[in-house]
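Working notes, structure below.
The model shown is predicted, which means the values in this text are computed figures rather than measured ones. Just so we're on the same page: letters track the sequence lines, and every chain starts at 1.
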Number of protein chains: 2
Amino acid sequence: MARARTSSGRVRLTEVAKLAGVSPITASRFFRNPEALSPGKRERVENAARQLGYVPDLAARALASRRTEVIGVLIPSFTNNVFSDVLRGIYDGSAESRYSIQLVNTHYSILQEEKLLQLFKAQRPAGLVVTGINQTDESRAILESMNCPIVQIMELGPEPIDMMVGFSHNDAAFAVISHLIELNFKRIGFLGARMDPRVQRRLEGYTDAMKRASLYDPRLIIATPVPTSVTMGGTLFADLLMKAPDIDAVFCVNDDLALGTLFECQRRQIQVPEDIAIVGFNDLEYMASAVPPLTSVRTNRYDMGRTAITMTMDAIEGRRPATPVIDLGYELIIRRSSAPRRL
Amino acid sequence: MARARTSSGRVRLTEVAKLAGVSPITASRFFRNPEALSPGKRERVENAARQLGYVPDLAARALASRRTEVIGVLIPSFTNNVFSDVLRGIYDGSAESRYSIQLVNTHYSILQEEKLLQLFKAQRPAGLVVTGINQTDESRAILESMNCPIVQIMELGPEPIDMMVGFSHNDAAFAVISHLIELNFKRIGFLGARMDPRVQRRLEGYTDAMKRASLYDPRLIIATPVPTSVTMGGTLFADLLMKAPDIDAVFCVNDDLALGTLFECQRRQIQVPEDIAIVGFNDLEYMASAVPPLTSVRTNRYDMGRTAITMTMDAIEGRRPATPVIDLGYELIIRRSSAPRRL
DNA sequence: ATGATTATTGACAGCGCTACCACCGCATTG
DNA sequence: CAATGCGGTGGTAGCGCTGTCAATAATCAT
């Protein structure tokens, strides 16, 4: 019985198959695994599809194959410049592929993350990219039950759920402080905002390095759960100056705080680095332009996104990486804001 | 004949219907239009769904209903802070809804945009949010044929494809220059990078205001297609100083350029605003913190995203807005960097 | 009271694609 | 020469849901 519903004018696989003189199944195979066809038919299907302008219906494909070509990405913030670079890597890396990205914002909440994972599970994504390694037990259980490639990004840890791309925030912070200590700085302050897991680990790196040099003093540490900003950098720095007027250097957990600190120094006529050295984290573009140029830790954010999404896609297609955990490292970029103290 | 394929353990609508003692159709209706059910059955279906933990299969729904619950969003850049705020608005606005966002990056290319629209068309999105009003004729044709709500964001124009949320970049730039002229600045430079359509319109506003005051001089204009950055701000400003050493103010088309200009002034010991005034655009958070605080144009980026996605969702559900074009305006935030010249 | 209208509900028939299995024909093997 | 294997192909039968429309029950106007 002919149905009333119009067929939406869409070209279907059946039409392609008919034009190519093959069965719909063969045509279908052409799109998923062209190698399986004999060269002759492969070409015939290819031509027919092009001629008719065929575009596969993703919903039908998902329904019939019981899997999607969607990769879920969980990010804690859209505002943070760090993540915009990661996202650019993810989107660039997947742009020419068959996969589409489903992006969600956890707003730095692991409970929100859990809820979003639950939602993702119902959609059976082909793969998943999640930020950090501090998932709730529940989240981990969901992830493990999902039976798809999963990449944790931004940091490294001992127990990957599946794969990992990141670097050691602890080590990076340790390297920063070691650098300052080598340069004979002694009263090195710590400025932290938001205090998400990555920032916590930077604090650990700071603490380790300070303790090892017997320079540790809790009064040097200013940390707030409030979101980070340039303005907040100035505020925290002012706070630090009050609590420890004798500081000779400041390690800011990100570049915005460092810039805010620089501005506050300018406001108070504090010479950088003569009076106080400043080091940031992430090496955003503006750090090199500041007056004086600001020392920072370069992190490979774009590569992190790009590597993560490539690993995910490869794993979906059965090409699992030789090493499931990739350390993208960091690089201390030394600029004038941490110039040697007194030679 | 029973099929071998396992049913993936997923709860189906049929099971919910069985438990509730209704037909699958009735259960289906519950999820799309609960009002249509009698209160008794509504409750029974609701309980059954909760009890079984039912989650609808989106692929099956999309296939059967021939429409999706996906809203496509086309953005020209992920790096630009402006868009991260817009995106945040879009994602926040859609977070609790049934719609999911499909984000793509056009990399400021209208050809890329056209290609991506073609891809979107094949997926029959429920709605679309596109950046700007400079689509190619082909893109416009695709958009018009798509038969779904479309919101153009970031700027305003005379011929909306469907709906629009934005503000006049031309007017905003005109207001900036008028402000500077009122303050007796005369040799006002223009610094522009990337020169995308929005920036072009800011240049037009600048040009109009300068001509009207008989202050126009093409040597005051420095523009490059190269992407924008803080460093680029310094470079362009240096270039401007060379071509027009007598400038007394600079209008930068965005805040990064303004910050770069400020740094360059600091480097050259140029007093701001005594020697040269600086104005930026967008009023990013750091503008208020800089030394001196930098004048800028506040734009409602988050609201723009949020309004656009709300309008889209409303229109999808048949609630078309009273006014299809919404002007979110701008606000000139005057700070010390454009303090009055000589009183 | 009677037909007409409206609110609820269900049966049917797919949406466009692919998993599964069977089959064909050719080459290889003992 | 039969048995075996295998690349290539097609038929069948849905994936889980909803559009259409008809049937029924409830309500209304005249």
Side-chain angles (χ1 to χ4, degrees), chain A residues 1-45 48-49 52-69 98 122-124 126, chain B residues 1-45 48-49 52-69 98 122-124 126:
Chain A
M1 187 135 307
R3 55 193 307 178
R5 235 194 265 187
T6 56
S7 172
S8 80
R10 210 186 157 87
V11 180
R12 269 162 299 159
L13 188 58
T14 322
E15 274 116 71
V16 176
K18 199 172 292 171
L19 181 62
V22 300
S23 74
I25 301 319
T26 303
S28 165
R29 265 192 282 263
F30 168 76
F31 292 100
R32 285 168 306 122
N33 183 17
E35 318 302 311
L37 299 207
S38 61
K41 303 217 168 178
R42 192 185 314 161
E43 198 171 330
R44 293 224 306 276
V45 176
L52 296 172
Y54 171 74
V55 183
D57 184 307
L58 298 165
R61 178 179 284 178
L63 181 58
S65 67
R66 298 136 137 281
R67 69 178 115 77
T68 62
E69 283 167 353
R98 61 201 300 187
Q123 297 186 238
R124 275 175 266 165
Chain B
M1 189 131 305
R3 57 192 303 177
R5 236 195 263 187
T6 56
S7 168
S8 80
R10 207 188 159 89
V11 181
R12 268 162 301 159
L13 188 57
T14 322
E15 274 115 70
V16 176
K18 200 172 290 170
L19 181 62
V22 299
S23 74
I25 304 319
T26 304
S28 165
R29 266 192 282 265
F30 168 76
F31 292 99
R32 286 169 303 124
N33 183 18
E35 318 302 311
L37 298 208
S38 62
K41 302 217 167 176
R42 192 184 315 162
E43 199 172 329
R44 293 224 307 277
V45 175
L52 295 173
Y54 171 73
V55 184
D57 184 307
L58 298 166
R61 179 179 282 178
L63 181 58
S65 68
R66 298 131 138 284
R67 70 179 123 75
T68 63
E69 285 167 352
R98 63 201 298 189
Q123 297 187 239
R124 278 175 259 157

Got a list of protein N/O to nucleotides 23-25 of chain C N/O distances below 3.5 Å?
none

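- When distances run from any side-chain atom of S23(B) to the nucleotides dG10(C), dC15(D), dC17(C), the shortest one goes to dG10(C).
- Here dC17(C) presents its P atom at 17 Å from CG of D57(B), a figure rounded to the nearest Å.
- When all heavy atoms of R42(A) and P34(A) are compared, the closest pair comes out as NE-O, 3.1 Å.
- Candidate nucleotides dC17(D), dT18(C), dG16(C) were compared by shortest atom distance to the side chain of R61(A), and dT18(C) ranks first.
- Between L58(B) atom CG and dC17(D) atom P there is a gap of 10 Å when expressed in whole angstrom units.
- One can place NZ of K18(B) at 13 Å from P of dC17(D), the figure rounded to the nearest angstrom.
- Of the side-chain N and O atoms in R12(A), one or more sit less than 4.0 angstrom from OP1 or OP2 of dG16(C).
- R98(A) places its CZ atom 14 Å from the P atom of dC17(C), with the value rounded to the nearest Å.
- Counting non-hydrogen atoms under 4.0 angstrom, R67(A) reaches the backbone sugars and phosphates but no base.
- Ring centroid separation for the pair F30(B) and Y54(B) does not come in under the 6.0 Å cut-off.
- Between S65(A) and dT18(C) there is no side-chain polar atom (N or O) within less than 4.0 angstrom of OP1 or OP2.
- Residues from residues 24-40 of chain A that place a heavy atom under 4.0 Å from any atom of DNA chain C, listed by number: I25(A), S28(A), R32(A).
- Note on K41(B): every side-chain N or O is 4.0 Å or more away from OP1 and OP2 of dT8(C).
- Summarising the geometry, the separation between CG on L13(B) and P on dG10(C) is reported as 12 Å, rounded to the nearest angstrom.
- In this entry the distance linking CD of Q123(A) with C1' of dG16(D) reads 15 Å, nearest Å.
- A donor-acceptor pair is defined here as one N or O able to donate and one able to accept, closer than 3.5 Å; such a pair exists between the side chain of T68(A) and the backbone of R124(A).
- Listed by first and then second residue, the salt bridge (charged side-chain N to carboxylate O under 4.0 Å, His left out) pairs involving residues 13-32 of chain B are R12(B)-E15(B) (not counting sequence neighbours).
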